[in-house]
Amino acid sequence: MTDRPIPVPPTPARVELNPALASSVESSSLWDRISTWAAAHKAIVYTIAGVTVVATAAGVYYYVSETRGVTNEPESSAASKKKAKKDRRKAKKGAEEAEQQPPEESREGGNTCARNNVDMLIGRVEPKKATATDVSEEELPEVTEDSVQLLSEQERKDYAAKLKAAGNKAYGQKEYQQAIELYSQAILCKQDPVFYSNRAACWNALKQWDKVVEDTTAAINLDENYVKALNRRANAYEELSRFSEALLDYTASCIIDSFRNEQSAQSVERLLKKVAETKGRAILASKEKKLPSPTFVANYLQSFRPKPLPEGLEETAELDENTGKGQLQKGLLAMGRRTSEGYAEAAQSFDKALSLGDLGEHEAFGYNMRGTFRYLKGDNDDALADLSKSIELQPSLTQSYIKRASMHLELGDREAAANDFELAMQQNDSDPDIFYHRAQLHFILGEYDSAASDYQRSIDLDRDFIFSHIQLGVTQYKLGSIASSMATFRRCIKNFDKVPDVYNYYGELLLDQQKYQEAIEKFDIAVEMEKASKSHAMNVLPLINKALALFQWKQDFPEAEKLCKKALIIDPECDIAVATMAQLLLQQGKVTEALRYFEQAAELSRTEGEIVNALSYAEATRTQLEVQEKYPKLAERLKGMGGPMPGMM
Ligand SMILES: *[C@@H]1O[C@H](CO)[C@@H](O)[C@H](O)[C@H]1NC(C)=O
């Protein structure tokens with residue numbers, strides 16, 4: 001047996017919008033892709049106890065293996081049934097309510113007591129009213145630090161029990177200060193984790209979060225498996241905005257509970273998001289705005305049909321570099337090189353062109369280009385302003401509407417995006433680019449029928465643009481028409497036999513159908529074609545796809561890693577390659593190394609959404625490492641308890 005899981009067969013419809021084709025959704029599609037892949041493979045973040053955590057674009061999900069609930073704990077089946085019932089009830093409650101839990105009787109508390117707690121927990125019974133048989137205040141001993149020294153062992157025990165009972169009663173009557181006083185005296189008599197935890201519950205009710213942390217920490221120091229105290233401390237940390245610490249506590253609590261408590265699991269998910277968002281915003285604020293990898297830029301730019309350089313800016317036109325037009329021309333030529341340096345130079349030239357001004361009839365085009373590169377750098381506000389200016393100057397330049405639509409979409413404004421397509425159509429309803437990009441919008445929204453008809457219209461207006469065909473094939477696949485999809489791709493290969501992208505995406509669909517051999521053949525052809533192409537920097541996607549295929553097919557980690565590394569040598573900033581690498585490492589239980597790659601992926605990401613996604617993985621991974629470090633016994637115990645996952649070797 002090894003520690004590594006065998007990936008489950010990928011779910012159908014793994015194929016997402018091809019990143020290379022998704023102009024308007026470039027950002028989300030990358031992570032969709034990685035996440036879908038991760039989900040399909042149950043990429044493991046928490047490897048202990050046979051529990052699987054998968055981060056997805058929509059959040060973090062738990063995939064608990066079939067060993068769920070099967071532990072070596074000496075629990076009778078009746079007890080586990082009761083526990084399961086209790087957990088189900090617990091799960092129904094809101095997070096805030098959970099913190100209104102009544103004090104506990106004891107850690108080993110008898111069944112009745114546990115039952116009462118549960119009933120009170122869900123608000124079925126009122127806290128017991130004081131009766132004549134209850135401990136009355138008069139009988140209570142008054143314990144101080146000095147007086148406790150004079151008590152015998154037995155007296156201390158008795159006093160502690162009485163004080164605790166009185167404390168619980170006071171708590172039930174919402175007399176928190178009094179309860180705190182009573183628990184404090186009980187603690188003087190006996191160092192009991194329950195007393196600390198109960199006093200913490202009082203501080204909790206008073207919203208004294210620092211005090212909650214103090215007391216729960218004391219409780220946990222006395223009993224490191226004290227789930228209730230851990231959860232209570234986690235909640236206090238969260239209130240104090242100490243999200244990483246809250247995340248760690250919830251994670252530990254989940255592990256102790258073998259992930260049977262849904263509420264804690266949801267808390268982990270919530271905290272992961274908070275931590276990732278907080279850190280993500282910090283990264284974004286300090287990040288210098290720079291272009292993403294050339295693979296990304298090239299893919300975005302080629303989602304528009306190639307057009308000849310505007311009249312007067314052709315390569316042959318001799319222009320002065322110190323003029324706006326000269327810089328515009330320089331930028332366009334640099335862009336054509338399709339390399340990292342070329343794109344950087346282009347961005348700079350377009351900036352210069354506009355500051356030099358005097359662009360004449362090319363002014364709208366100049367704004368369009370500067371806006372495009374600002375968008376690529378993740379500077380959405382300025383990009384949007386540039387595109388709007390371009391539209392204002394020359395509404396007939398429909399491409400500006402299309403680009404502005406993708407920016408709106410990336411910012412989550414679907415209506416504005418749809419509106420821009422409408423306006424573009426009013427300018428020119430026979431521009432095939434408009435239909436292609438509107439199809440992309442439909443595709444993202446899952447409106448595959450509309451997407452297919454828009455791709456088809458784009459093809460009808462211009463058959464020569466390969467990506468309309470490829471994307472139509474992918475959409476047909478999504479619609480479940482596998483046969484027409486495959487036919488579309490075979491036609492593509494016939495008509496565009498020199499385009500590597502065709503083989504790459506055909507391969508993806510074959511891979512999705514688990515036709516590994518055929519898929520790899522296609523990826524190999526794409527790789528060879530990319531290598532042979534002298535005109536531009538190599539697109540590394542086929543290499544990464546081949547890595548995924550080898551991993552899925554043969555669990556060939558070494559070869560998959562080699563391919564990813566190759567991709568990273570060619571395009572060191574390719575975040576897809578980095579994220580794939582991280583997943584491969586994680587699958588092999590190389591958690592520390594995986595973490596480094598996830599962090600790098602976050603650094604390379606362009607938008608807040610991408611960064612947060614990368615960081616969710618990173619934080620989940622980091623938390624696992626921290627649990628191992630801070631709770632070695634726990635990690636050890638659970639490792640033994642989890643055992644191999646079904647289907648593992
Ligand atoms: C509309 O777009 C097509 C394709 O780009 C172009 O050939 C045509 O000249 C455009 N029509 C107008 C009126 O701009």
Side-chain angles (χ1 to χ4, degrees), residues 20-26 297-317 325 328-329 331-333 335-336 338 346 350 359-373 375-376 383 386-409 416-443 450-473 475 492 495-496 499 501-502:
L21 305 176
S23 72
S24 45
V25 278
E26 202 64 53
V297 177
N299 287 335
Y300 177 77
L301 295 174
Q302 74 181 12
S303 71
F304 296 90
R305 285 166 169 81
K307 288 202 167 66
L309 297 189
E311 217 171 303
L313 298 176
E314 304 93 337
E315 198 161 2
T316 48
K325 282 183 192 167
L328 201 50
Q329 182 198 40
L332 291 168
L333 295 178
M335 202 171 90
R338 295 174 67 174
F350 295 139
L359 290 168
E361 74 275 27
H362 301 303
E363 195 177 0
F365 182 67
Y367 276 108
N368 176 309
M369 293 317 295
R370 186 175 73 177
T372 303
F373 277 80
Y375 163 73
L376 287 165
D386 275 352
L387 268 306
S388 294
K389 180 78 186 167
S390 174
I391 289 166
E392 191 192 310
L393 290 167
Q394 190 187 334
S396 63
L397 186 58
T398 46
Q399 200 196 65
S400 299
Y401 285 109
I402 301 174
K403 287 179 174 170
R404 192 170 70 177
S406 33
M407 292 169 203
H408 282 311
L409 199 56
N419 188 47
D420 270 344
F421 285 123
E422 207 47 57
L423 293 171
M425 220 85 83
Q426 284 168 19
Q427 292 295 328
N428 185 351
D429 62 3
S430 57
D431 179 348
D433 275 352
I434 301 175
F435 292 100
Y436 175 73
H437 286 270
R438 195 175 67 173
Q440 302 282 77
L441 171 81
H442 288 306
F443 189 102
S450 310
S453 78
D454 269 353
Y455 288 127
Q456 191 57 59
R457 278 176 84 177
S458 184
I459 292 171
D460 293 343
L461 288 164
D462 168 22
R463 307 196 66 77
D464 294 340
F465 185 62
I466 176 63
F467 297 112
S468 306
H469 298 272
I470 294 179
Q471 199 58 39
L472 177 64
T475 307
C492 282
N495 298 327
F496 301 90
V499 183
D501 304 80
V502 175

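Order of appearance sets the numbers: ligands from 1, and atoms from 1 within every ligand. The analysis underlying the following values was restricted to heavy atoms, covering all of them including side chains, and did not include hydrogens, waters or symmetry mates. For this chain, numbers begin at 1 and follow the sequence in order.
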Checklist line | Within the 4.0 Å heavy-atom sphere of ligand 1, strictly under, residues | finding: Asn428, Ser430, Asp431, Pro432
Item checked: Ring-ring centroid check Tyr436 Tyr455, cutoff 6.0 Å -> yes
Next item on the list: Output yes when a side-chain donor or acceptor of His469 lies under 3.5 Å from a complementary backbone atom of Asp464, and no otherwise.
Entry: no
Next item on the list: Nearest 0.5 Å please: distance from the CD atom of Glu392 over to the OG atom of Ser388.
Entry: 8.5 Å
Check: Between CG of Leu313 and CZ of Phe365, what distance do you get to the nearest 0.5 Å?
Finding: 7.0 Å
Next item on the list: For Phe350, check ring pair (Phe, Tyr, Trp, His ring centres under 6.0 Å) against everything at least two apart and list the hits.
Entry: Phe373
Checklist line | Passing candidate, ring pair (Phe, Tyr, Trp, His ring centres under 6.0 Å) with His437, options Phe467, Phe421, Phe304, Tyr300 | finding: Phe304
